[in-house]
Amino acid sequence: MFEKKNIQHSPINWKLDTQSKLDLGQSQECLHFFEQVTNEQHSLVDIVYFLYDNVVNGIIINKNKNQINNRDNFKNNIFNNNNNNNNNNNGDNSLKEYIQIEKHLILWCSLDNIKENVYCFYRLNNNNNNNNNLENLEYIILIVGPTKIQPSKSSEEIAKSFSSAISYSSVQYQLHQARNKEEVIESFISFLNDIENDNEIDIKVPMKNSYKIKNESLQPLESISNGSDHESYYNTTTDDGGCGGGGGGDIINQLNDNDRNNNNNQEISKIKIFFNGYKYLIEDIRNRLDYEIYKSDWKDGLKDWKSFQKTLSTIVFLFFAILLPSIAFGVLNSSNTDGLLGVSKTIVAQGVGGMVFALVSGQPMVILLSTAPLAIFIKITYSISIENALDFYSLYSMIGLFNGLFLMVYSISGASRLMKYSSRFIEETFAIFITIAFLYDGIKPIVILFIDNLYSCDNQCQLSNQIPVFALLISLCTLWICFKLSNFNQTKYFNSIFRNLISDYALFLGVLLSSAIRWTIFLPLDFEDFQQQQQQQQQQQTQSTFDGLLNLEIKSLPVWGYFLALALGFLLSLLYFVDQNISCSLATSPSHNLKKWSGVHLDLLIVAFINIVLSFLGLPWLHGALPHSSLHVRALATIESFTNLSTRETKEIFISVQETRASGFFSHLLIFICIFLVSNVLIYIPIPVLYGVFFFLGVKATVGNQFWYRLLLLITDSTSLPNSSIIRYCKQSEIHKFTTIQIICLLIFCFISFYPNPYLTIFFPLFLTILIPTKNYLLPKYFKKTIINILDHH
């Protein structure tokens, strides 16, 4: 009878799996116990009918008086009917699914007409040993639950929770001794109490060979990592000695003295390590710029045809993903500085700075970019220079110099170790903020077009009302094409080689197709004024920057001007410090499975030198950017989707990543060459296509972001919640409360950054820096340590 399907399930971590503990805890309310008292032999079908008639049907009728008795339908949810003969004892009924552990057979089913869980424990006597179906069984356990319920609370998941608990020898022993309902319940409650109280001693290991199926869930609880990649920075001397057997007051006092001495030594060691932080910079240089390692950084991306193809597709992806935002920020900088910093200067800074960083950086997966916060700093610098009659380039270069000097101090002192206090909470909140910033940069100009051409127009509305509709349509078309093509490798069309090729070049093909649609399908539309306006604006930026591409004349400032530059440089360095470290942390996330050393201290030093040079040449600043750094890793990765059959949760697994400098270097080389193509080639990429690229980069950055995943849980039907580890380990209220705190921080980010007053925005990096210790102080007050370990660490 039991030959059909013996279910296996994923490991259960009883210290963390809140849902499994709730499943067992419900036994106090919904468990029903029966013991066979007659010597008459019964088949398994007879016992299932008995449990239905005496428990399940009564609960159904209490809820609905008009409900008919449908015991055969109930039986069909548990058994396979191999023929039309309904003789219960003919042996033709086999189980659909079950779990058998030693002498315990666990069955389950879900019904539409029941609203609560029912646990039925039927204890057999020894007279069934002659029955082949029930031979050597002591308990038959039937779990019945509602159909419309979230997967983590289904009857199957409850059965798996009971099977894991029963696998422990202590629970089996107590069930063997139990003779009534209260004693059965007590066996599980005692098990849960042992888990809660057993903080220092491992949970009892189950009986050897107690499973007929392989179940790894019975391993003792593993220690939870705090998710920090910098723990090695705090290695301190430890006492290698040990304490033998026996005990007494002298030994205890000696141990207490040793503990106090060790704590003092550790504090002294931490102070010494902080002032000897340059050792970590030297370690970064040794592990990243060693000749053999450095050679492999280039060789790994070009060693065979497959590697070359992956590198080439990444170069093309980065070219468009970096160039188009650079053009957009170049136009924004030119507008904010009356043409002093324009598109051409932004392209030169991006190309040269990116090539230098790819050549000598500690983590070449990180991408440098001129971003919206930097554009705001440039705007404020220009406003201050105009209001106080200061030379813009002089003030700009001094701010860049002091910023670089602060970054050098951070690098040499090993200050990046402080980012161990940052965590997934900060990183993913900031990543979603960057996503919103990209969407904002794409939506804002389209909204302005609607206002200017539809809501604030004169008698010529009829001539221009198609302009905003056209821009929105092309932007959304670009987003749709790029997104669909990027996921083309998950379809069933063509062969795998062609699918991967289309997916790798998704951004390039999306821009190409969207531009072709604009210059073909939309060509007859009357939007010449809009087109000429955009062309004139870009040509003006080009002409204004080619004549004086580099500014080499630095004038003196008044004394107070240098102090002002020092203050602004310090605030700017905080933005660089946090953004560079977060970009590196997300790019080198443990889920990305990178193998090579991550030289975050070396990166800060290289970024400092690059920006000092850019400042004195009058070129825009650059720092580590999101989501480009994470997307760079994804583009070079071999990714496979894995579906957990037990939880039905699909995850992406990074099999390997080509950690190469070639993709970053050659993509920025192509960007630098574009300085000669601004006026005659790039002009044919429509501005709305650029907005669509912003949309695509923003949407693509949400993939794998747990904060975004939990935001979706807020609006997900409770019966459709995934059976993921987060749902099982944490109460839904705890998850939503944690997410709400992140939403509040995200709204503060957006308010400070998008508020019209630029002098408030300048304090954004200071708030971001203060948020890190504030988060570490507040979260432990509202959440247990286990909840923080699950939600706030990678």
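Scope of the values below: all heavy atoms of this structure, side chains included, with no hydrogens, waters or symmetry mates. None of the values given here were measured: they were computed from a predicted structure.
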- Can you label the angle between the Phe749 ring and the Phe430 ring as parallel, tilted or perpendicular, going by 30° and 60°? perpendicular
- Query: So, Asn333 side chain and Phe329 main chain: donor-acceptor pair closer than 3.5 Å or not?
  - Reply: yes
- Query: Between Glu659 and Leu636, is a side chain to side chain contact (heavy atoms under 4.5 Å, CB included) present by the stated rule, with each step listed?
  - Reply: CA-CA 8 Å; Glu659 300 180 56; Leu636 289 170; over 6 Å; no
- For side chain to side chain contact (heavy atoms under 4.5 Å, CB included), just list the numbers for Phe320 and Val316, CA-CA rounded to whole Å, side-chain angles, deciding distance to a tenth of an Å, and then say yes or no. CA-CA 7 Å; Phe320 284 97; Val316 175; 4.2 Å; yes
- Message: Ring centroids only, cut at 6.0 angstrom: are Phe738 and Phe425 within range, meaning strictly under it?
- Response: yes
- Examine distances only and state if a side-chain atom of Ser475 and a backbone atom of Pro688 form a donor-acceptor pair shorter than 3.5 Å. yes
- Message: Rounded to the nearest 0.5 Å, what separates atom CZ in Arg518 from atom CG in Leu513?
- Response: 15.5 Å
- Could you pull out all residues at least two apart from Arg661 that satisfy salt bridge (charged side-chain N to carboxylate O under 4.0 Å, His left out)? Asp297
- Query: Below 4.5 Å, heavy atoms only, C-beta onward: do Pro620 and Lys345 meet side chain to side chain?
  - Reply: yes
- Here the pair of heavy atoms bringing Tyr382 nearest to Asn336 is CD2-O, 3.2 Å
- What is the distance from atom CD1 of Ile474 to atom OG of Ser514, rounded to the nearest 0.5 Å? 6.5 Å
- Message: Check whether Asp603 reaches the backbone of Ser361 with its side chain - one donor and one acceptor, N or O, closer than 3.5 Å.
- Response: no
- Task: Locate the shortest heavy-atom distance separating Asn581 from Leu604; write the atom from each residue and the value.
- Result: ND2-CD1, 4.3 Å
- Message: Counting C-beta onward and ignoring hydrogens, is there a side-chain heavy-atom pair between Met419 and Ser585 closer than 4.5 Å?
- Response: no
- Item | Any Leu713 side-chain heavy atom under 4.5 Å of Thr739 side chain | no
- Message: Testing the basics here: between Ser667 and Ile315, what is the closest heavy-atom pair and its distance to 0.1 Å?
- Response: CB-O, 3.7 Å
- Parallel, tilted or perpendicular: ring planes of Phe654 versus His592, cut at 30 and 60 degrees: tilted
- Answer yes or no: is there a side-chain heavy-atom contact under 4.5 Å between Leu575 and Leu374? yes
- Does any N or O in the side chain of Gln350 come within less than 3.5 Å of the main-chain N or O of Leu368, such that one atom is a donor and the other an acceptor? yes
- Message: Is the shortest side-chain heavy-atom distance between Thr346 and Leu341 below 4.5 Å?
- Response: no
- Item | Side-chain heavy atoms of Leu746 within contact of Ile436, under 4.5 Å | yes
- Does Asn593 reach the main-chain N or O of Ile655 with its side chain, forming a donor-acceptor pair under 3.5 Å? yes
- Task: Check the surroundings of atom NZ in Lys737: do more than 12 heavy atoms from other residues, nucleotides or ligands lie under 6.0 Å from it?
- Result: yes
- Query: Would you say the side chain of Leu509 lies within less than 4.5 Å of the side chain of Ile481, judging by non-hydrogen atoms?
  - Reply: no
- Message: I'd like to know if the side chain of Ser503 and the backbone of Arg499 have a donor-acceptor N/O pair within less than 3.5 Å.
- Response: no
- So how far is it from Leu594 CG to Gln363 CD, rounded to the nearest 0.5 Å? 6.0 Å
- Query: Backbone N or O of Leu512 within a donor-acceptor pair of the Ser515 side chain at under 3.5 Å?
  - Reply: no
- Test item: Thr435 side-chain N/O and Ala431 main-chain N/O as donor-acceptor pair under 3.5 Å: yes
- Would the number of heavy atoms belonging to other residues, nucleotides or ligands and lying under 6.0 Å from CZ of Phe570 be above 12? no
- Query: Do Cys674 and Leu323 pass the side chain to side chain contact (heavy atoms under 4.5 Å, CB included) test, and can you show the C-alpha distance, the side-chain angles, and the key distance before you say yes or no?
  - Reply: CA-CA 9 Å; Cys674 285; Leu323 176 63; 3.9 Å; yes
- Nearest-0.5 Å distance that lies between atom CD1 in Ile446 and atom CG in Leu476: 7.0 Å
- Message: So which atom in Gln580 and which in Gly624 form the shortest heavy-atom distance, rounded to 0.1 Å?
- Response: OE1-N, 2.8 Å
- Task: Write down the atom of Cys482, the atom of Gly510, and the distance for their closest heavy-atom approach.
- Result: SG-CA, 3.6 Å
- Between Ser589 and Leu586, is there a donor-acceptor pair closer than 3.5 Å when you use the side chain of the first and the backbone of the second? no
- Message: Give me the atom names and distance for the closest heavy-atom approach of Phe438 to His628.
- Response: CZ-CE1, 3.4 Å
- Distance-only, no hydrogens or angles: does the Glu428 side chain make a donor-acceptor pair with backbone N or O of Phe707 under 3.5 Å? yes
- Item | CG on Leu472 to SG on Cys477, rounded to 0.5 Å | 11.0 Å
- Message: Distance check, rounded to the nearest 0.5 Å: Thr774 atom OG1 versus Leu779 atom CG?
- Response: 10.5 Å
- Test Met365 against Thr588 for side chain to side chain contact (heavy atoms under 4.5 Å, CB included), laying out the working first. CA-CA 8 Å; Met365 295 294 100; Thr588 60; 5.8 Å; no
- Residues two or more places apart in sequence or in another chain: which of them pass salt bridge (charged side-chain N to carboxylate O under 4.0 Å, His left out) with Lys775? Asp792
- Does the separation of the ring centres of Trp621 and Tyr396 fall below 6.0 angstrom? yes
- With side chains defined as the heavy atoms from C-beta onward, is the minimum distance between Leu439 and Phe695 less than 4.5 Å? yes
